[in-house]
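Working notes for the structure below.
All heavy atoms count here, side chains included; hydrogens, waters and symmetry mates do not.
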Amino acid sequence: SQFAGIQMHTSDPSALKFYALEILQDLIRFHLNDKNPQALVDADLKRLNFVKDNAIFAYSDSLYVGALEKLRSQYTRDTVYAEVSYFLAKQYLSTGSQYQPYGETGHQWDLKKSLDYCDQALQAFPGSYGARNCQVIKEQILNKSLSITSGYAVPGGEPFLALLSFRNTGKVYFRIITMDYREDKEIQANYRREALIEKYRSFDPLMEFSVDTRDPVDYQNHKAEVAFPALPVGYYVVLASTEAGFNAGSRIVSWQSFWASDISYLSQKPESGAMARTASATAA
């Protein structure tokens, strides 16, 4: 109602954004006294999103969230409550993606806030248009991911570290299998993902173990180094999964191939005009 009563003026006849605001103002005035709030809230949501997308003033995101919160509180008994909740969830989904573990940490819990809005909409008005949109966001937030990355070669006979990237996972299971390099290249070339994992599962594991990721349940992507035990010189494939069975059809499974090697080299930076000297050693 405040926006509907504003007297807007412009000296620029080509100010298209000004005319867009005028159209939105006319729509809101037209529906201001409707018994059914659907059209009014729809127009107001378009207004708020238009202003947010074109804002050049500070704190536009927090002002946008505050306006949505106020709008949502006015319609707790109507299905538009779920639609406004969806836009709040969508906003926190967007800001949550800005989280950086070693940089921008202020948005770490925004995905959890987004999920809370979705759950509230789904509980209050299940099956409504807003609730269905919230369900899509909820599934996106709860989606699990897992990947393991090691060096192409690690020191044989020594413990080593590998990088685990994970999202929405608790315990992660690992299985290490000994492979023939040529056989593995053929498997990777001729098998698609699920068949490839099933093929790896058919080999007897050299060892199996698990680690607790200590996921803070913020629904963000996280990374951690995992200590692997010492392995004899050879070629290996490690499987990582959220389940002990490593079933490719219904669970998340990641894999990584690598060498455990005693091959090393030392490189000495040459003096000006001199040839480089390189010493290498190879273990049998």
Side-chain angles (χ1 to χ4, degrees), residues 1-4 24 27-28 30-55 57-101 104-146 166-171 213-222 242 250 252:
S1 59
Q2 287 179 313
F3 175 71
L24 288 168
L27 278 171
I28 289 173
F30 184 78
H31 292 291
L32 201 56
N33 296 314
D34 288 358
K35 292 183 178 180
N36 186 323
Q38 295 281 345
L40 176 63
V41 172
D42 181 68
D44 205 31
L45 286 170
K46 286 181 169 60
R47 170 183 75 93
L48 294 174
N49 282 285
F50 178 81
V51 174
K52 179 182 75 73
D53 292 342
N54 293 280
F57 48 83
Y59 310 111
S60 58
D61 283 350
S62 60
L63 291 170
Y64 173 70
V65 168
L68 288 176
E69 286 279 16
K70 184 177 180 180
L71 182 64
R72 192 177 82 133
S73 67
Q74 295 173 349
Y75 298 101
T76 57
R77 297 185 179 183
D78 193 279
T79 56
V80 294
Y81 171 90
E83 189 168 353
V84 180
S85 297
Y86 160 70
F87 280 98
L88 280 162
K90 184 179 178 182
Q91 173 65 14
Y92 279 111
L93 178 68
S94 175
T95 56
S97 65
Q98 300 172 23
Y99 167 69
Q100 298 292 333
E104 176 52 68
T105 60
H107 297 291
Q108 179 177 358
W109 299 99
D110 284 6
L111 295 182
K112 187 177 186 307
K113 293 178 183 177
S114 179
L115 184 62
D116 289 343
Y117 283 116
C118 289
D119 286 338
Q120 290 165 18
L122 288 163
Q123 183 178 359
F125 297 98
S128 64
Y129 176 74
R132 292 197 300 271
N133 286 334
C134 282
Q135 182 63 39
V136 174
I137 289 182
K138 180 175 181 176
E139 291 174 1
Q140 183 178 344
I141 292 173
L142 295 179
N143 185 46
K144 294 183 178 182
S145 65
L146 180 69
F166 60 94
R167 179 183 180 185
N168 297 334
T169 61
K171 182 173 288 189
T213 62
R214 298 182 181 178
D215 189 340
V217 196
D218 56 6
Y219 308 100
Q220 298 283 358
N221 292 303
H222 294 282
T242 55
S250 59
I252 297 175

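With R167 contributing its side chain and I141 its backbone, the two residues share a donor-acceptor pair below 3.5 Å. Judged purely by atom type and a 3.5 angstrom limit, S145 has no side-chain atom pairing as donor or acceptor with the backbone of F166. Judged by distance alone, with hydrogens and angles left aside, the side-chain atoms of T105 form no donor-acceptor pair with the main-chain N or O of P101 at under 3.5 Å. The backbone N or O of F50 lies less than 3.5 Å from a partner atom in the side chain of N54, making a donor-acceptor pair. With hydrogens and angles disregarded, no donor-acceptor distance shorter than 3.5 Å links the side chain of D110 to the backbone of Y92. Checking side-chain atoms of R72 against main-chain N and O of V84 turns up no donor-acceptor pair under 3.5 Å. Judged by distance alone, with hydrogens and angles left aside, the side-chain atoms of T213 form a donor-acceptor pair with the main-chain N or O of T169 at under 3.5 Å.
Across all their heavy atoms, Q220 and G96 have their closest contact at NE2-O, 3.1 Å. Here the closest heavy-atom approach between residue C134 and residue C118 is recorded as O-SG, 3.4 Å. Residues A39 and D34 share a closest heavy-atom pair of CB-OD2, 4.2 Å. In terms of heavy atoms, A58 sits closest to L63 at O-CD1, 4.1 Å. Here the closest non-hydrogen pair linking A55 and S60 is CB-CB, 3.7 Å. Scanning all heavy atoms of the two residues, the minimum distance from Q2 to K70 falls at OE1-NZ, 4.5 Å.
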side-chain hydrogen bond (donor to acceptor under 3.5 Å, both in side chains) between N221 and Y99, intermediate numbers included: CA-CA 9 Å; N221 292 303; Y99 167 69; over 6 Å; no
Test side-chain contact (heavy atoms from CB on, under 4.5 Å) applied to Y219 and L115, step by step: CA-CA 9 Å; Y219 308 100; L115 184 62; 3.4 Å; yes
Test side-chain contact (heavy atoms from CB on, under 4.5 Å) on N168 and V217; report intermediate values, then the result. CA-CA 7 Å; N168 297 334; V217 196; over 6 Å; no
Hey, mind stepping through Y81 and V41 against side-chain contact (heavy atoms from CB on, under 4.5 Å) and telling me if it holds? CA-CA 9 Å; Y81 171 90; V41 172; over 6 Å; no
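You'll find the side chain of F125 stays beyond 4.5 Å of the side chain of E83, heavy atoms only. Using a 4.5 Å heavy-atom threshold, the side chains of Q140 and L93 count as touching. Residues D42 and Q38 fail the side-chain proximity criterion, which asks for heavy atoms closer than 4.5 Å. Here the side chains of D218 and H222 are in contact, with some heavy-atom distance below 4.5 Å. Counting only heavy atoms from C-beta outward, the side chains of L32 and L40 approach each other to under 4.5 Å. The shortest distance between side-chain heavy atoms of L45 and V80 does not fall below 4.5 Å.
A salt bridge is defined here as a Lys NZ or Arg NE, NH1 or NH2 lying under 4.0 Å from an Asp or Glu carboxylate O, and K52 with D61 fails to meet this definition. Salt-bridge annotation for D44 and R47: present, with a side-chain N of the basic residue lying under 4.0 Å from a carboxylate O of the acidic one.
Side-chain atoms of N49 and Y64 include a donor-acceptor pair closer than 3.5 Å. Counting only N and O atoms by type, the side chains of S114 and Q91 include no donor and acceptor under 3.5 Å apart.
Separation of atoms OG (S94) and NE2 (H107) is listed at 9.0 Å; rounding is to 0.5 Å. Distance check: K138 NZ to N143 CG gives 14.0 Å after rounding to the nearest 0.5 Å. If you take OG on S85 and CG on N133, they are separated by 11.5 Å, rounding to the nearest 0.5 Å.
Under a cut-off of 6.0 angstrom, the local environment of OH in Y59 is sparse, with at most 12 non-hydrogen atoms contributed by other residues, nucleotides or ligands. In K90, the NZ atom is not crowded: 12 or fewer heavy atoms of neighbouring residues, nucleotides or ligands sit closer than 6.0 Å.
In summary, of the residues considered (L68, I137, L88), a side-chain contact (heavy atoms from CB on, under 4.5 Å) with Y117 occurs for L88 alone.
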